[in-house]
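The structure appears below as structure tokens.
Residue numbers start from 1 in every chain, and the chains themselves are labelled A, B, ... in the order their sequence lines are given, proteins ahead of strands. All values below were derived from every heavy atom in this structure, side-chain atoms included, with hydrogens, water molecules and symmetry-related copies excluded.
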There are 2 protein chains.
Amino acid sequence: MPDAADPAPMNAPYRRKFRREGEERRRQDLIDATLDSVAEYGLQGASLRTIALRAGVTAGLVRHYFPGKEELLQEAYASLMGRMTEQAKAALVMENTSPRQRLAAFVSANLNVPIIDARVFSLWATFIGRAGADPSLARAHREGYLGFRNEVEAVVAEVLGAEQRKPDAGELRHHAIAINAIIDGLWIEGCLAGEMFSPGELAAIGIKTVEAELGLAPSTKFQEK
Amino acid sequence: MPDAADPAPMNAPYRRKFRREGEERRRQDLIDATLDSVAEYGLQGASLRTIALRAGVTAGLVRHYFPGKEELLQEAYASLMGRMTEQAKAALVMENTSPRQRLAAFVSANLNVPIIDARVFSLWATFIGRAGADPSLARAHREGYLGFRNEVEAVVAEVLGAEQRKPDAGELRHHAIAINAIIDGLWIEGCLAGEMFSPGELAAIGIKTVEAELGLAPSTKFQEK
DNA sequence: AGCCTTGTTGTGCAAGTGTATAAATAGCCT
DNA sequence: AGGCTATTTATACACTTGCACAACAAGGCT
């Protein structure tokens, strides 16, 4: 190509080209960039400049959509929790299946991708580690946890009801706490050391353990031998 | 008050008094101060000056005992993990008790203070959240986890052996994974929302769930009614 | 076309960061 | 008592951080 006339004025301060995006889009981009940055560099490494760079804007813009960094982090955490609980509950809305199958599907869904995911775990741990000092984080967690446990309790009631058993409220609560713990514990193991388990292994263990906890006769589907 | 004569020499630079402590003591103080700071302010808020202030020294001294901040944090994490696994295993060294009682004591110990503790949990979550990005943290966790799981596996083998059952390696592994998950999950619930549970409730749930997982006949000691 | 709103950039700033290094002094040794 | 040395303090420095604000321009409106 021939040397085209340099279109750049010699001392003109170059100003970056930009496009105006809708507010919804920009806010979401910034939140996603925040989660990416926190997952990769931690809370300490997630500076406004890092986040803005990842979102394709400059740092100053953040303050146009959020009062400050703290609020951005809070909204990012809320967004993360929303997505997690949404995915977790999605497995419960199946129809034309027995309660027991729905419970198994619920456990299985929580112990496979995309819920078993190192990045999501890293984010969860990073934020939850601040729950002790940050009341707003603590409250957000508490709500998510109780919502999750109530879902579990409802399915458990259905499963036991189908078996002609009538547990009282205390038993139901204990079952829900235990099952919630089983899922959480296996979720952590899978996220932190997924390659130590064969595909589906955690889900199989989870289902077997949950059914043992409820005192159900072993199913044939996931039995060992 | 009358204007007392200012005891301060006018331009003399005041230099802080200090005592020389042994190397072991200072290192431990700095590590403890680091853990305190991280628990209270998070990794981002734990600056060298904050840590040093808490340890009763000035920031420059840190570099006299540690090559840099990163090494201080790593040693602090190692110290934390060491204390945690040490406490957790302590419950296993009882003598003159049946394997089943030892298992129950192990579960119970892990679901009561001092292992159920919001500060320790906050530290664990903060550090573990960085495991995905920091290989040295990931390795430290992996070792602690496998060590813990092996302990569990050994007790499980004893318990089942005492019941005349001969599980193969795969079953044993699954039991250990499941029991580890139960303990971890209940530990998290207790740390994050301890006041939602009555004293001993989590331990009771844990023992019952673990025994159900192993297919043991319900014991009378912790039975509901 | 030209204007006007406002989304967006760029710069500046005070505070705080980790690290480097010089200066001081506490406490042991003789 | 007095000196020596290593522990400790204090200061300096280059850099980053979150935030404030002025300048700019993208894109709809008339």
For Ser47(B), enumerate each residue passing the side chain to side chain donor-acceptor pair (under 3.5 Å) test, keeping only those at least two apart in sequence or located in another chain. Thr50(B)

Set of side chain to side chain donor-acceptor pair (under 3.5 Å) partners for Arg149(A), sequence neighbours left out: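 Once residues adjacent in sequence are excluded, the partners of Arg149(A) under the side chain to side chain donor-acceptor pair (under 3.5 Å) criterion are Tyr145(A).
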
Can you tell me how far [atom2] of [N] sits from [atom1] of [X], to the nearest Å?
X	N	atom1	atom2	value
Arg63(A)	dG10(C)	CZ	P	19 Å
Leu73(B)	dT17(C)	CG	P	14 Å
Tyr65(A)	dG18(D)	OH	C1'	19 Å
Arg15(B)	dA24(C)	CZ	C1'	4 Å
Leu61(B)	dG18(C)	CG	C1'	15 Å
Phe66(A)	dT8(C)	CZ	P	12 Å
Lys17(A)	dA26(D)	NZ	P	6 Å

Shortest non-hydrogen contact from [X] toward [Y]:
X	Y	answer
Cys191(B)	Phe121(B)	CB-CB, 3.5 Å
Val38(A)	Arg130(B)	O-NH2, 3.3 Å
Ala104(B)	Ile207(B)	O-CD1, 3.7 Å

Determine whether any donor atom in the side chain of Arg16(A) lies under 3.5 Å from an acceptor atom in the base of dT9(C), or the reverse, and answer yes or no. no

With respect to the phosphate group of dG10(C), does any side-chain polar atom (N or O) of Tyr14(A) fall under 4.0 Å of OP1 or OP2?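 No, because none of the side-chain N or O atoms of Tyr14(A) sits under 4.0 Å from OP1 or OP2 of dG10(C).
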
Between Arg19(B) and dT25(C), does any side-chain N or O lie under 4.0 Å from OP1 or OP2?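 The answer is no; no side-chain N or O of Arg19(B) sits under 4.0 Å from OP1 or OP2.
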
Scan residues 72-90 of chain B for pairs that pass salt bridge (charged side-chain N to carboxylate O under 4.0 Å, His left out), counting only residues two or more places apart or in two chains. Arg27(B)-Glu75(B), Asp32(B)-Arg83(B), Lys89(B)-Glu151(B)

Which residue pairs pass the salt bridge (charged side-chain N to carboxylate O under 4.0 Å, His left out) test with at least one member in residues 112-121 of chain A, sequence neighbours excluded? Asp36(A)-Arg119(A)

Taking only nitrogen or oxygen atoms into account, show me every contact under 3.5 Å that the protein makes with nucleotides 2-6 of chain C, one pair per line with its distance.
residue: dT6(C); atom: O2; partner: Arg20(A); partner atom: NH2; Å: 2.3

Once you measure the plane-to-plane angle for Phe148(B) and Phe106(B), does it fall in the parallel (<30°), tilted (30-60°) or perpendicular (>60°) bin? tilted

Could you go through the salt bridge (Lys or Arg N to Asp or Glu O under 4.0 Å) check for Glu21(A) and Arg19(A) one step at a time? CA-CA 6 Å; Glu21(A) 300 284 355; Arg19(A) 282 198 325 137; 2.5 Å; yes

What nucleic acid atoms does Val57(A) come within less than 4.0 Å of, heavy atoms only: base, sugar-phosphate, or nothing? sugar-phosphate

Given DNA chain D, 5'-ward residue of the pair Gly68(A) and Glu21(B), judged by closest heavy atom: Glu21(B)

Map Thr58(A) and Phe18(B) onto DNA chain C by nearest heavy atom, then report which one ends up closer to the 5' terminus.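 Counting from the 5' end, the first nearest nucleotide belongs to Thr58(A).
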
With the threshold set at under 4.0 Å for non-hydrogen atoms, list the residues of residues 32-55 of chain B touching DNA chain C in residue-number order.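 Going residue by residue through residues 32-55 of chain B, the ones with a heavy atom under 4.0 Å of DNA chain C turn out to be Ser47(B), Leu48(B), Arg49(B).
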
